[in-house]
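Have a look at the structure below, then the notes.
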Amino acid sequence: MIMSRIEAAPDQARGDLTERLLAGLPAEAVLTDPDVTASYANDMASFCPAGAPAVVVLPRTVEEVQHVMRTATELRVPVVPQGARTGLSGGANASDGCIVLSLTRMDRILEINPVDRIAVVEPGVINAALSRAVTELGLYYPPDPSSWEMCTIGGNIGTASGGLCCVKYGVTAEYVLGLDVVLADGRLMSTGRRTAKGVAGYDMTRLFVGSEGSLGIVVRAVLALKPQPPRQLVLAAEFASAAEACDAVCRIMAGGHVPSLLELMDRTTVKAVNDMANMGLPETTEALLLAAFDTPDPASDLAAVGALCETAGATQVVPADDAAESELLLQARRLSLTALEAVRGVTMIDDVCVPRSRLGDLIEGVERIAEKHQLTIGVVAHAGDGNTHPTVCFDATDPDESRRARESFDEIMALGLELGGTITGEHGVGVLKKEWLAREIGPVGIEMQRGIKQVFDPLGILNPGKLF
């Protein structure tokens with residue numbers, strides 16, 4: 001909700017808001033230049049409207065965040081929390097007249113405890129920075145979104161993000177033990193624990209994970225760590241059809257194997273990577289499956305999985321001998337989204353997750369949708385957990401092509417639901433998928449979620465217009 005005085009007299013209202021904010025914040029933390037604030041208006045999602053912020057605030061302390069929220073509550077001004085804005089659903093997009101609360105300067109790793117196997121961090125800590133810091137102590141923070149060199153822990157928590165290693169280690173939600181959260185009215189609440197176990201009361205921590213900043217502002221997180229595993233070895237298997245590659249995935253999982261990574265690239269993605277980086281992948285490859293193990297004897301595990309791939313119809317199986325070769329094999333996967341973006345200049349990345357047993361049906365369905373709309377749509381997938389990223393390539397300057405891109409995106413989400421899946425496995429709902437959230441969880445589910453929102457944010461000032 002945007003207060004009426006902002007709508008009636010935006011310049012005066014902005015000045016009043018800025019003055020109130022500066023009463024509890026250093027001048028350098030409050031940005032009002034419209035050219036500067038405009039650069040904070042949106043994340044990386046396509047087709048998601050964004051408004052013009054009244055002000056951007058970059059706090060460094062919990063007390064400063066509390067001051068922002070008290071001011072926002074008193075003046076009835078919406079607040080949009082942001083991390084690095086690498087999101088792909090419009091969840092960090094500004095609304096007109098809002099305070100953008102950028103948490104990127106709250107970037108301290110407060111504690112790493114090898115005995116309790118926890119890290120305590122502020123929300124602006126970069127995922128890769130935390131991973132490297134704990135590695136020095138022989139520990140491991142598994143969640144690794146593709147944007148891990150840029151994305152923040154706070155953003156990861158807000159969207160309940162995943163990554164390449166989820167097939168073995170799980171997603172962000174499984175590593176958040178406790179949170180400090182500033183509520184809409186400025187009060188500070190602590191949830192969860194530092195202990196390995198704890199079941200006291202409702203699980204409020206899980207409620208905030210994935211809430212996209214709509215219930216409160218995460219200002220501190222207690223994260224679980226694991227012992228550093230051995231270096232993983234990777235295997236690449238080429239297939240003459242996506243169906244055979246998906247059959248191999250089913251065989252691997254049904255066989256009880258626990259790979260640290262199991263990724264799939266369809267023919268469109270393989271071609272895009274070849275065209276951009278000259279990777280030397282055979283042009284006849286219809287699907288490329290990458291499997292990795294970080295077990296004490298990864299070569300043995302790769303051999304067993306390689307045999308299953310051959311049984312499923314793999315035309316070539318290439319296991320790496322060492323870490324350097326493994327990194328070379330993974331380069332194609334890491335280049336996938338960049339290569340697909342180069343096809344038409346703009347991409348719209350879907351995030352449909354289906355049961356592993358329906359992965360082949362999803363990929364075949366995407367091929368039909370691409371043909372119907374005469375578009376290039378590549379599919380990369382965290383195949384081990386069924387989380388696919390159908391990526392629609394289109395020319396944003398062509399209105400008709402943009403329309404077809406949006407229609408194909410919606411058809412892919414509908415297909416995912418038909419196959420027993422979900423509209424988002426790790427990117428969140430944001431603005432992009434509000435309509436689809438309602439379809440997935442139904443009217444009773446929406447009513448209950450709105451009820452929870454009302455309890456935490458009765459004025460509706462926290463990230464309005466997102467989720468539902």
Side-chain angles (χ1 to χ4, degrees), residues 59-66 69 81-84 101-145 148 151-163 165-166 168-184 186-229 426 428 452 456 462:
R60 291 187 182 275
T61 69
V62 173
E63 292 74 20
E64 289 176 357
V65 175
Q66 290 182 279
M69 294 314 304
Q82 288 184 352
L101 184 59
S102 174
L103 299 158
T104 54
R105 292 183 180 176
M106 296 181 69
D107 60 356
R108 294 179 300 163
I109 299 174
L110 301 172
E111 178 186 354
I112 300 173
N113 188 318
V115 175
D116 295 332
R117 292 182 183 170
I118 61 169
V120 182
V121 304
E122 292 183 326
V125 171
I126 300 298
N127 183 293
L130 174 62
S131 295
R132 293 185 181 113
V134 302
T135 296
E136 293 178 3
L137 297 176
L139 297 168
Y140 179 42
Y141 180 67
D144 61 343
W148 78 308
C151 64
T152 63
I153 295 298
N156 295 167
I157 292 170
T159 58
S161 60
C165 72
C166 295
K168 180 174 182 178
Y169 293 104
V171 296
T172 296
E174 296 169 61
Y175 294 88
V176 182
L177 297 177
L179 296 170
D180 285 355
V181 181
V182 175
L183 300 177
R187 289 180 294 166
L188 182 64
M189 180 177 76
S190 295
T191 75
R193 61 195 194 278
R194 290 172 58 100
T195 56
K197 296 193 297 184
V199 293
Y202 295 132
D203 191 345
M204 304 291 279
T205 302
R206 279 290 185 110
L207 184 60
F208 282 100
V209 178
S211 66
E212 303 186 30
S214 65
L215 301 178
I217 312 297
V218 172
V219 291
R220 193 166 296 156
V222 180
L223 305 174
L225 305 174
K226 289 186 174 294
Q228 182 67 37
E426 57 188 7
I452 293 169
F456 283 92
L462 278 169

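The chain is numbered in sequence order, starting from 1.
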### Message
Go through it in stages, so that I can follow the logic: the residues are Gln66 and Leu188, the test is side chain to side chain contact (heavy atoms under 4.5 Å, CB included), and I'd like the CA-CA distance, side-chain angles, deciding distance and then a yes or no.
### Response
CA-CA 8 Å; Gln66 290 182 279; Leu188 182 64; 3.8 Å; yes
### Task
Let me see the working for Val65 and Met106 under side chain to side chain contact (heavy atoms under 4.5 Å, CB included), right down to the final yes or no.
CA-CA 10 Å; Val65 175; Met106 296 181 69; 3.8 Å; yes
### Message
With side chain to side chain contact (heavy atoms under 4.5 Å, CB included) as the criterion, how do Val134 and Ile109 come out once you've worked through the C-alpha distance, each side chain's angles and the decisive distance to 0.1 Å?
### Response
CA-CA 10 Å; Val134 302; Ile109 299 174; over 6 Å; no
### Task
Test Val121 against Leu223 for side chain to side chain contact (heavy atoms under 4.5 Å, CB included), laying out the working first.
CA-CA 8 Å; Val121 304; Leu223 305 174; 3.9 Å; yes
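Between the CD atom of Glu111 and the CG atom of Asp116 there is a distance of 7.5 Å, given to the nearest 0.5 Å. Between the CD1 atom in Ile126 and the SG atom in Cys151 there is a gap of 7.0 Å [rounded to 0.5 Å]. The distance from atom CZ of Arg60 to atom OG1 of Thr104, rounded to the nearest 0.5 Å, is 8.5 Å. Within the model, atoms CD1 of Ile118 and CZ of Arg194 stand 3.5 Å from one another, a figure rounded to the nearest 0.5 Å. One finds the CD atom of Glu64 at 11.0 Å from the CG atom of Leu103 (value rounded to the nearest 0.5 Å). Atom CG of Asp107 sits about 12.5 Å away from atom CG of Leu130, to the nearest 0.5 Å.
Of all non-hydrogen atoms in Gly213 and Pro81, the two that sit nearest each other are O-CG, 3.7 Å. Here the shortest heavy-atom pairing between Gly83 and Ser102 reads O-OG, 4.4 Å. Closest heavy-atom contact between Pro145 and Ser161: CG-OG, 3.6 Å. Summarising the geometry of Pro114 relative to Leu139, their closest heavy-atom pair is CA-CD1, 3.8 Å, with the distance given to 0.1 Å. Heavy-atom minimum distance, Pro59 versus Arg105: O-CB, 3.7 Å. When all heavy atoms are compared, the tightest approach of Gly216 to Leu462 is N-CD1, 3.5 Å.
Without hydrogens or angle criteria, Thr191 side chain to Met204 main chain gives no donor-acceptor distance under 3.5 Å. Remark: the backbone N or O of Arg108 is paired with a side-chain donor or acceptor of Glu122 at under 3.5 angstrom. Panel note: side chain Arg206, backbone Ala173; a donor-acceptor pair is recorded below 3.5 Å. Between the side chain of Tyr175 and the backbone N or O of Lys226 there is no donor-acceptor pair closer than 3.5 Å. Between the Asn127 side chain and the Pro143 main chain, a donor and an acceptor come within less than 3.5 Å of each other. Checking side-chain atoms of Thr172 against main-chain N and O of Ile157 turns up no donor-acceptor pair under 3.5 Å.
Contact annotation: the side chain of Leu215 never approaches that of Val181 to less than 4.5 Å [non-hydrogen atoms, C-beta and beyond]. Side-chain contact between Thr135 and Gln228 is present, with heavy atoms from C-beta onward closer than 4.5 Å. When side chains are defined from C-beta on, Val62 counts as touching Arg220, because their heavy atoms get closer than 4.5 Å. Within the 4.5 Å cutoff, the side chain of Phe456 has heavy atoms near those of the Phe208 side chain. Looking at Pro123 and Thr152, their side chains never come closer than 4.5 Å, going by heavy atoms from C-beta outward.
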